[in-house]
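Okay, structure first, notes after.
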Protein chains: 2
Amino acid sequence: MNKIPQATAKRLPLYYRFLNNLNHQGKKRVSSKELSEAVKVDSATIRRDFSYFGALGKKGYGYNVEYLLGFFRKTLDQDELTDVALIGVGNLGTAFLHYNFLKNNNIQIKMAFDAAKEKVGTDIGGVPVYHIEDLEDKMTGIKVAILTIPASEADGITNRLVEQGITGILNFTPARITVPDHIRVHHIDLAVELQALVYFLKHYPLSKED
Amino acid sequence: MNKIPQATAKRLPLYYRFLNNLNHQGKKRVSSKELSEAVKVDSATIRRDFSYFGALGKKGYGYNVEYLLGFFRKTLDQDELTDVALIGVGNLGTAFLHYNFLKNNNIQIKMAFDAAKEKVGTDIGGVPVYHIEDLEDKMTGIKVAILTIPASEADGITNRLVEQGITGILNFTPARITVPDHIRVHHIDLAVELQALVYFLKHYPLSKED
DNA sequence: AATAAGTCGTGATATATTTCACAATATTAT
DNA sequence: ATAATATTGTGAAATATATCACGACTTATT
């Protein structure tokens with residue numbers, strides 16, 4: 001089952017969300033062409049992506065929205081809830097806390113940490129904010145963390161997270177953190193994204209979108 | 001000159017920032033191996049990336065930090081300033097406004113727009129906030145926009161940006177916006193990123209980082 | 001001066017991803 | 001019923017990216 005290409009895996013949450021929208025709109029069937037226009041992914045790519053999970057559609061018909069949705073729900077473990085901790089309740093962190101992941105997703109931000117006294121003890125978007133000192137005490141059992149702290153804090157906090165037994169980190173700091181091999185880190189660097197866009201605009205005019 | 005792979009282009013801002021750090025630390029030379037450890041990119045990939053720009057290093061020595069930095073400064077148009085407008089001054093938008101892009105970068109957020117009266121007229125991180133109604137009036141000459149608004153607003157605002165003559169959009173809304181072919185859109189979907197990380201953790205244990 | 005160690009640049013290869021294009025099948029229209 | 005149209009699933013080809021591995025050259029060491 002581990003033979004799904006990573007590029008495909010990255011598109012699954014996107015497909016899932018759009019199928020959910022269609023379902024709410026009461027749409028019963030959808031073709032790869034329609035889906036392609038909605039999510040801006042080539043229709044052949046969509047069919048190929050789906051095909052890794054078997055023959056989910058019907059020739060000449062398309063895909064049954066409800067069936068496909070149900071299938072992805074299982075595949076993406078939408079039943080199983082994943083608890084996440086957020087470290088750093090600045091503007092970016094707060095944006096995450098207000099994002100209602102539970103609405104469509106299988107992810108729940110269970111707690112947040114910050115060093116600022118005025119934030120500790122509050123509730124943001126229903127998520128309690130604890131002091132960063134209490135990380136080890138409070139975070140038992142949580143395997144995924146979102147890092148929205150200043151770059152200068154990244155290494156120190158990362159080490160504590162590793163110590164605590166984390167398995168995945170979504171790193172929004174510009175620092176490229178070092179972790180043992182068994183821990184997965186995804187980097188999202190807002191400045192790099194913006195710079196890359198500007199670079200593409202200057203050097204790859206008129207090309208297709210990313 | 002347009003033959004640089006996109007994957008390489010996406011890493012350039014990253015290299016640039018780390019070279020800048022090294023330079024500030026007073027380091028004179030650096031090898032692809034050292035750089036590899038810092039930015040977590042395979043050293044052969046780094047050498048290949050650099051090689052698209054010619055022979056920038058010296059065999060047996062490595063790369064001269066200052067020279068390489070100067071080279072990238074030119075290549076990445078670090079001299080030329082790109083003005084950017086930010087649409088939507090919520091938590092995510094505010095995070096961007098506090099990010100000091102000018103420090104290391106060639107990008108300046110020149111203005112921001114929001115619909116909330118209490119935000120209009122203020123200055124956040126040195127960036128003036130205008131009312132979204134005034135978008136067409138104020139935004140003349142700006143070619144790049146960051147979209148940090150609710151998904152429901154995405155299509156409407158996008159159309160106005162297209163009308164106004166935008167060429168690039170960094171879209172943080174979950175909506176996949178539709179634009180004419182000559183406009184480049186990069187999507188960053190925070191929920192998708194988090195879901196993808198969780199999916200990888202469950203289905204691709206122990207693999208290398210992304 | 002000779003040797004050892006370090007490092008680049010790159011041809012070749014491996015891996016990953018996307019896209020084409022079409023047979024097979026389902027639906028719709030007449 | 002029949003023909004026309006729509007759409008999947010996938011082999012094959014194309015494209016894109018990453019990695020290996022080594023000759024050539026530089027620097028450091030003895």
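A, B, ... follow the sequence lines: proteins, then strands. Residue 1 opens every chain. Since we're looking at a predicted model, the values are computed, not measured.
Axis angle between the ends of the helix from dA1(C)-dT30(D) to dT30(C)-dA1(D), five pairs each and rounded to 10 degrees, works out to 10°.
Separation of atoms OH (Tyr199(B)) and CD1 (Ile107(A)) is listed at 13.5 Å; rounding is to 0.5 Å. Atoms OG and CD, from Ser43(A) and Glu34(A) in turn, are 11.5 Å apart once rounded to the nearest 0.5 Å.
Contacts of Ser43(B) with the nucleic acid, taken as non-hydrogen atoms under 4.0 Å apart, are absent. Within 4.0 Å of Thr8(B), counting heavy atoms only, lies no atom of the nucleic acid at all.
You'll find that the side chain of Asp42(B) is closest to dC20(D), out of dC20(D), dC8(C), dT27(D). Minimum atom distance to the side chain of Arg48(B) is reached by dT19(D), of the listed dT10(D), dT19(D), dT28(C). Here the side chain of Tyr52(A) is nearest to one of dT17(C), dT19(D), dT18(C), namely dT18(C). The listed nucleotides are dT19(D), dC20(C), dG9(D); the one nearest the side chain of Ser51(A) is dG9(D).
Arg29(B) has no side-chain polar atom (N or O) that falls below the 4.0 Å cut-off from OP1 or OP2 of dT26(D). For Tyr63(A), no side-chain nitrogen or oxygen approaches OP1 or OP2 of dA6(D) to under 4.0 Å. The shortest distance between the side-chain N/O atoms of Thr45(B) and the OP1/OP2 oxygens of dT19(D) is below 4.0 Å.
We find that CG of Asp49(B) is positioned 14 Å from C1' of dC8(C), with the value rounded to whole Å. When the C1' atom of dC20(D) is taken as reference, atom CZ of Arg47(B) falls 10 Å away, rounded to whole Å.
For residues 55-62 of chain B, proximity to DNA chain D is found at Lys58(B), Lys59(B), Gly60(B), Tyr61(B), defined as any non-hydrogen atom under 4.0 angstrom from a strand atom.
Residues Arg17(A) and Asp189(B) are paired through a salt bridge, judged by an N-O separation under 4.0 Å between the basic side chain and the carboxylate.
Stacking of Arg29(A) on the aromatic ring of Tyr61(A) is recorded, both the 6.0 Å distance cut-off and the 45° axial limit being met.
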